[in-house]
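Data first, discussion second: the structure below is written as structure tokens.
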Amino acid sequence: MLQKYKMKYELTVYAWCLMSNHVHLLIKEGNDDISVTMKRLAVSYVKHYNWKYRTTGHLFQDRFKSERVENKKYLLIVVRYIHQNPVKARMVHQPDKWRWSSCCEYYGRSTFPKNLLDGDYVLSMFSADSEVARRRFKEFK
């Protein structure tokens, strides 16, 4: 679903991490306000979930939370925070061991869904050379 909305509303996805009871997304809004896009995404997901599991009603406890990322330094801090979430929750020992995260793709491995991550901008902050950038990104963790 996120892939569909990414394409439709021209979102840029810098990082993501699916946890057992929440998700972290670092998204640059596209051609629509982020609040509107997130509402559409949530409603679509709830409808799908309720249909799939033959249930009804609310699924999310709260409305999504959003905070502006205004500079490159903070962007990197947020990417690291998102990828470290499974480590801090003691679900894995290394961020790249959590398969439901964009961290693996930043490390050069494939992830599902393909083409969801727009990681080139973040990697370019480490180096113009992609191998050097990935190595420095790993060290940044």
Side-chain angles (χ1 to χ4, degrees), residues 1-55 57-141:
M1 271 179 227
L2 182 56
Q3 182 80 330
K4 173 185 150 187
Y5 282 90
K6 175 188 173 187
M7 301 302 289
K8 186 172 184 176
Y9 297 106
E10 299 176 6
L11 303 172
T12 304
V13 180
Y14 293 120
W16 57 271
C17 183
L18 179 63
M19 300 294 287
S20 60
N21 63 349
H22 65 283
V23 65
H24 291 273
L25 301 170
L26 180 53
I27 296 175
K28 180 179 178 184
E29 64 187 9
N31 58 21
D32 213 347
D33 183 74
I34 194 70
S35 295
V36 174
T37 302
M38 293 305 294
K39 182 177 180 180
R40 288 181 179 137
L41 180 60
V43 167
S44 180
Y45 181 77
V46 169
K47 283 182 181 179
H48 170 76
Y49 183 93
N50 285 343
W51 171 82
K52 183 176 180 177
Y53 295 104
R54 302 181 199 281
T55 187
H58 297 283
L59 184 58
F60 299 115
Q61 180 177 338
D62 289 320
R63 179 183 180 274
F64 84 100
K65 293 173 181 65
S66 168
E67 103 182 31
R68 295 180 64 88
V69 175
E70 306 237 351
N71 60 57
K72 291 178 180 181
K73 182 180 178 185
Y74 190 53
L75 177 71
L76 293 177
I77 289 169
V78 174
V79 169
R80 180 172 52 196
Y81 170 81
I82 288 171
H83 291 157
Q84 286 289 333
N85 212 257
V87 176
K88 290 185 175 153
R90 300 175 191 247
M91 300 168 106
V92 291
H93 294 290
Q94 304 253 351
D96 64 307
K97 300 301 182 198
W98 188 252
R99 64 183 261 204
W100 298 281
S101 163
S102 56
C103 185
C104 296
E105 195 165 337
Y106 275 113
Y107 279 31
R109 298 196 312 268
S110 63
T111 58
F112 179 82
K114 291 194 180 298
N115 303 316
L116 179 61
L117 180 68
D118 298 298
D120 291 343
Y121 178 69
V122 170
L123 287 173
S124 74
M125 292 183 215
F126 293 94
S127 175
D129 180 291
S130 63
E131 286 185 36
V132 172
R134 288 189 196 288
R135 188 183 78 244
R136 289 179 180 165
F137 182 88
K138 289 177 188 179
E139 293 166 358
F140 177 70
K141 69 176 179 172

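Along the sequence shown, the residues carry numbers beginning at 1. Side chains are part of it too, since the values below use all heavy atoms of this structure and drop only hydrogens, waters and symmetry mates.
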Quick check: do [X] and [Y] have side-chain heavy atoms less than 4.5 Å from each other?
X	Y	value
Ile27	Thr37	no
Thr111	Leu116	no
Met38	Ser66	no
Leu76	Phe126	yes
Ile77	Arg80	yes

Handout entry: Heavy-atom neighbours of Met91 CE exceed 12 at 6.0 Å
Key =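 Correct, the count exceeds 12.
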
Practice task
Determine whether more than 12 heavy atoms belonging to other residues, nucleotides or ligands lie under 6.0 Å from atom CZ of Arg90.
Solution key: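 At most 12 heavy atoms, drawn from other residues, nucleotides or ligands, come within 6.0 Å of this atom.
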
Practice task
Over 60° means perpendicular and under 30° means parallel, so classify the ring planes of Tyr53 and Tyr49, tilted if in between.
Solution key: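 It falls in the tilted class, 30° to 60°.
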
Handout entry: Residue pairs, two or more places apart or on separate chains, that pass side chain to side chain donor-acceptor pair (under 3.5 Å) and touch residues 116-132
Key = Lys6-Asp118

Fill in the blank from the handout: Sorted by chain and residue number, the side chain to side chain contact (heavy atoms under 4.5 Å, CB included) partners of Val92 (sequence neighbours excluded) come out as Pro86, Val87, Lys97, Trp98

Practice task
Sequence neighbours left out, what passes ring-ring contact (aromatic ring centres under 6.0 Å, His included) with Tyr45? Give chain and number order.
Solution key: none

Distance (rounded to the nearest 0.5 Å) between [X] [atom1] and [Y] [atom2]:
X	Y	atom1	atom2	value
Lys8	Asn31	NZ	CG	10.0 Å
Tyr9	Lys4	OH	NZ	8.0 Å
Cys17	His22	SG	NE2	7.0 Å

Fill in the blank from the handout: ring pair (Phe, Tyr, Trp, His ring centres under 6.0 Å) with His24: of Trp16, Phe64, Tyr81, only one passes, and it is Tyr81

Exercise for the section: List the steps and the verdict of side chain to side chain contact (heavy atoms under 4.5 Å, CB included) for Val122 and Phe137. Expected result: CA-CA 9 Å; Val122 170; Phe137 182 88; 4.1 Å; yes

Closest heavy-atom pair and its distance - [X], [Y]:
X	Y	value
Arg134	Leu123	NH1-CD1, 3.6 Å
Leu11	Gly30	CD2-N, 3.7 Å
Pro95	Tyr107	CG-OH, 4.2 Å
Lys72	Met125	CB-SD, 3.9 Å
Gln3	Lys114	NE2-O, 3.0 Å
Ala15	Leu117	N-CD1, 4.0 Å

Handout entry: Donor-acceptor contact present, side-chain Arg109 to main-chain Asp96, <3.5 Å
Key = yes

Exercise for the section: Would you confirm whether Ser101, through its side chain, and His83, through its main-chain N or O, come within 3.5 Å as a donor-acceptor pair? Expected result: no

Exercise for the section: Carefully, step by step, assess Leu25 and Leu2 under the rule side chain to side chain contact (heavy atoms under 4.5 Å, CB included). Expected result: CA-CA 10 Å; Leu25 301 170; Leu2 182 56; 3.6 Å; yes

Handout entry: side chain to side chain contact (heavy atoms under 4.5 Å, CB included) assessment of Val78 paired with Ile82
Key = CA-CA 6 Å; Val78 174; Ile82 288 171; 3.9 Å; yes

